[in-house]
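This report concerns only the one structure given below.
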Amino acid sequence: MDEVGRLIVLMAIAGGAFTALGAAFVWFLEESRRIRRSLKKVLGAEPHALLIARGRGKGIGFDFAAGAVAVSWDAGGWCLLYRVDELMGAELVVDGQVGARTHRGEQRRALDQHGGAQDHVRLRFVFDDPTYPDFTLELWSSGDEGKRKAATASEALQEGNRWIARMESLLRRPVPKRAAPVPVAPSAAERTPPQDDEPEDESADAA
């Protein structure tokens with residue numbers, strides 16, 4: 001019986017160890033943490049400001065000290081790095097219409113919609129880059145209803161509006177003289193980013 005008891009105890013310890021190892025592995029590969037790590041790696045520092053579209057595998061991070069902004073998608077598998085002075089504006093797109101926006105040299109257009117959206121809430125960042133001129137984060141869509149930890153349409157609108165205000169503050173700063181290009185990780189610079197599942201709203205481009 002003693003041998004059987006020791007065997008049961010050893011099996012229980014081994015089972016607990018494997019469970020803990022599995023939980024740690026899942027924690028390490030959690031989407032938000034993977035995106036944060038990818039942005040930190042590309043920026044070369046912890047982002048001072050970070051926004052992640054949960055469940056979409058996309059995020060954006062800013063290093064204000066270095067004057068850099070990085071975007072990531074495919075849960076951190078792909079990244080691009082821009083200078084902050086290449087950021088030309090940001091738009092909050094609600095159900096296909098630009099609800100709020102801020103662009104360099106323009107007065108901010110405040111959000112006048114305080115109710116919930118019907119289809120989607122997206123935050124679109126516009127860059128001075130002919131190859132990759134914008135980056136869109138979907139903050140909420142109608143399919144999110146009922147999902148665990150998913151934001152509501154109103155919460156997404158509030159978050160998007162806060163980021164529009166934050167971008168306005170950033171864009172009001174004088175554009176620094178351009179020095180040497182910000183280095184980009186080879187894995188980020190030499191790859192072609194995958195296409196989004198949904199095309200960008202033409203109304204957002206036209207706004």
Side-chain angles (χ1 to χ4, degrees), residues 35 39 42-53 56 58-73 78-115 117 119-140 153-184 188-189 192-193 195-196 198-207:
I35 293 173
L39 293 173
V42 173
L43 290 170
E46 193 71 36
H48 295 135
L50 174 70
L51 179 62
I52 294 175
R56 274 88 178 178
K58 301 175 72 174
I60 186 169
F62 291 81
D63 182 348
F64 299 126
V69 52
V71 298
S72 174
W73 58 107
W78 302 84
C79 293
L80 286 175
L81 184 65
Y82 298 92
R83 295 185 304 271
V84 166
D85 61 285
E86 291 180 295
L87 177 63
M88 304 309 295
E91 300 172 348
L92 183 60
V93 183
V94 184
D95 296 338
Q97 302 294 324
V98 177
R101 61 180 282 165
T102 181
H103 281 259
R104 288 190 186 276
E106 298 180 7
Q107 186 175 1
R108 176 165 67 104
R109 174 181 166 186
L111 180 69
D112 57 7
Q113 177 178 349
H114 300 289
D119 297 318
H120 61 254
V121 178
R122 295 170 180 165
L123 190 59
R124 178 175 178 256
F125 297 88
V126 181
F127 295 95
D128 183 17
D129 182 356
T131 305
Y132 306 112
D134 59 7
F135 179 75
T136 301
L137 291 173
E138 188 161 7
L139 304 182
W140 177 86
S154 296
E155 290 171 342
L157 281 171
Q158 294 172 9
E159 180 72 5
N161 200 35
R162 280 193 294 267
W163 272 84
I164 290 292
R166 174 177 282 176
M167 292 301 98
E168 180 193 27
S169 176
L170 180 64
L171 295 173
R172 282 204 309 261
R173 299 178 181 179
V175 177
K177 293 182 179 180
R178 292 191 177 184
V182 178
V184 181
T192 300
Q195 298 296 320
D196 290 335
E198 296 183 4
E200 302 296 342
D201 292 303
E202 295 182 359
S203 58
D205 293 332

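Quick note: numbers below take in every heavy atom, side chains included, and nothing from hydrogens, waters or symmetry partners.
Every side-chain contact (heavy atoms from CB on, under 4.5 Å) that Ala70 has, sequence neighbours left out, goes to Leu39, Val42, Leu43, Leu81. Evaluation of the side chain to side chain donor-acceptor pair (under 3.5 Å) rule for Ser72 yields Ser38 as partners, not counting sequence neighbours. With sequence neighbours excluded, the residues forming a side chain to side chain donor-acceptor pair (under 3.5 Å) with Arg162 are Glu159, listed by chain and number. Residues satisfying the ring pair (Phe, Tyr, Trp, His ring centres under 6.0 Å) test with Phe127, not counting sequence neighbours, are Tyr82. Taking the side chain to side chain donor-acceptor pair (under 3.5 Å) definition, one finds that Arg56 meets it with Ser141, Asp144, sequence neighbours left out.
In plain terms, the two heavy atoms of Ala156 and Leu139 that are nearest each other are O-CD1, 3.7 Å. Pairing each heavy atom of Ala100 with each of Asn161, the nearest pair is CB-OD1, 4.4 Å. Taking each heavy atom of Val121 and Ala117 in turn, the nearest pair found is CG2-CB, 3.7 Å. Here the closest non-hydrogen pair linking Pro47 and Gly61 is CB-CA, 4.2 Å. Looking at every heavy atom in both residues, Gly59 comes nearest to Ile35 through CA-CG2, 4.0 Å.
Side-chain contact check for Thr102 versus Trp163: every heavy-atom pair is 4.5 Å or farther apart. Side-chain contact between Phe62 and Leu87 is present, with at least one heavy-atom pair separated by less than 4.5 Å. Side-chain contact check for Arg109 versus His103: every heavy-atom pair is 4.5 Å or farther apart. No side-chain heavy atom of Phe125 sits less than 4.5 Å from a side-chain heavy atom of Val71.
Atoms CZ and CE, on Arg104 and Met88 in that order, are 6.0 Å from each other to the nearest 0.5 Å. Atoms CG and CG, on Leu137 and Leu92 in that order, are 11.5 Å from each other to the nearest 0.5 Å. In this structure, the separation between CD1 on Ile52 and NZ on Lys58 is 13.0 Å, given to the nearest 0.5 Å. In this structure, CG in Leu80 is found 4.0 Å from CH2 in Trp73, a value given to the nearest 0.5 Å. Interatomic distance, Thr136 OG1 to Arg122 CZ, rounded to the nearest 0.5 Å: 7.5 Å.
Using the six-membered ring where Trp is involved, His48 and Phe64 have ring planes that are parallel, under 30° apart on the 30 and 60° scheme.
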Contacts table for residues 164-171: side-chain donor-acceptor under 3.5 angstrom, sequence neighbours left out:
residue : atom : partner : partner atom : Å
Glu168  : OE1  : Arg108  : NE           : 2.7

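Side chain of Asp95 to backbone of Asp119: a donor-acceptor contact under 3.5 angstrom is found.
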Does the pair Trp140 and Leu157 meet the rule for a side-chain contact (heavy atoms from CB on, under 4.5 Å), with working shown?
CA-CA 9 Å; Trp140 177 86; Leu157 281 171; over 6 Å; no
